[in-house]
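Take a look at the structure set out below.
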Amino acid sequence: MTRGGDHRERIREELLSWIRQNDPTGMDWYLDEGPVDEAPAAADAAAEVSGDTTAAAIAPVAQPVAAPATGDPAFDRECHQFLTDTLELIDRGPGRTAGPPVPDKAVVLQALKDIVTPCTACELSGGRTHTVFGAGNPDAAVVFIGEAPGRDEDLQGEPFVGRSGQLLTKILGAIDYGREDVFICNILKCRPPNNRDPQPAEVAACEPHLKRQLAILDPRVICCLGRVAAQTLLGTDASLKRLRETVHFYEGIPVLATYHPAALLRNPGWKRETWNDVRKLRALVDALAAREDRDG
Ligand code: SF4
């Protein structure tokens with residue numbers, strides 16, 4: 001191709017990428033960076049970030065920090081720092097308060113679902129079509145938590161269906177997860193009227209269900225989807241921008257936060273930040289898994 005042809009091709013690619021990222025329907029989750037590569041070995045990852053592959057450069061890395069190789073050096077550096085800081089915070093954190101491991105999570109989770117489904121502990125029970133308990137892999141390493149069911153979820157009894165659910169499926173796919181790999185639920189199990197924010201009394205009434213759910217699932221990491229879910233779970237009024245900056249803890253489980261898919265449908269420009277958030281989430285889950293393997 002000629003130089004002029006190269007130039008036009010690059011402009012065309014950049015334009016297509018911009019259009020995908022700003023698609024107002026939000027349904028075209030951009031994958032121009034591709035899915036997260038398999039996490040390299042710790043030493044490789046450290047060398048990749050520093051650009052120095054000598055033994056002297058690799059030696060100072062005391063703990064495995066598995067950063068994804070994305071071909072985006074700026075993000076690789078950011079992710080490496082995030083992993084280093086986050087693993088340190090987890091080590092210094094409150095520690096997990098979960099009881100002994102649940103032997104058959106699927107059976108115990110189904111028993112809890114049978115208890116929660118007819119719940120009438122708050123007034124939302126009066127307006128629901130279905131209780132939306134949550135769905136996914138009982139052995140998932142990651143639990144995604146939204147705020148409450150919407151209209152489609154209430155009608156179908158499943159979490160994150162409809163347009164924002166389809167977008168969440170694409171976001172998961174971008175970090176190489178299927179919905180069957182993770183568990184997805186909400187703070188509230190019944191739909192608030194007109195999708196208003198959860199009320200404190202409703203959160204208080206429903207929290208025991210979530211607590212039991214998380215005690216059974218015992219995930220490596222929780223990811224809150226949206227401001228309301230993060231503020232409610234963590235009991236804070238900090239902004240989502242602040243909450244996205246670092247790891248938090250719920251019952252000793254590390255918690256990260258990112259945008260709700262419905263917010264991305266309204267603001268496609270936030271997809272880039274979400275893409276970075278979920279890549280870091282995946283890197284953290286993989287790093288924690290590597291540490292567990294190493295430490296037995
Ligand atoms: Fe029960 Fe929670 Fe539904 Fe309220 S929102 S009725 S507490 S399951």
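All residue numbers in this chain count up from 1 along the given sequence. Indexing begins at 1, ligand by ligand and atom by atom, following the structure's order.
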*For the side chain of Arg191 and the backbone of Asp154, is there at least one donor-acceptor N/O pair under 3.5 Å apart?*
no
_Checking the side chain of Asp181 only, and the main-chain atoms of Gly178 only, is there a donor and an acceptor separated by less than 3.5 Å?_
yes
*Taking atom types as modelled, find out whether Gln81 and Asp85 have a side-chain donor-acceptor pair closer than 3.5 angstrom.*
yes
*Would you say Glu180's side chain and Asn137's backbone share a donor-acceptor pair under 3.5 angstrom?*
no
*asked:* Quick test of your reading: applying ring pair (Phe, Tyr, Trp, His ring centres under 6.0 Å), list the pairs with at least one residue in residues 129-177, sequence neighbours left out, ordered by first then second residue.
replied: Phe160-His260
*asked:* Tell me the contacting part of Arg128 for ligand 1: side chain, backbone, both, or neither, using a 4.0 Å heavy-atom threshold, strictly below.
replied: side chain
*Return the set of protein N, O or S atoms whose distance to atom 1 (Fe) of ligand 1 is under 2.8 Å, each given as residue and atom.*
Cys119 SG
_Side-chain donor/acceptor of Glu273 to backbone N/O of Trp270, under 3.5 Å_ = no
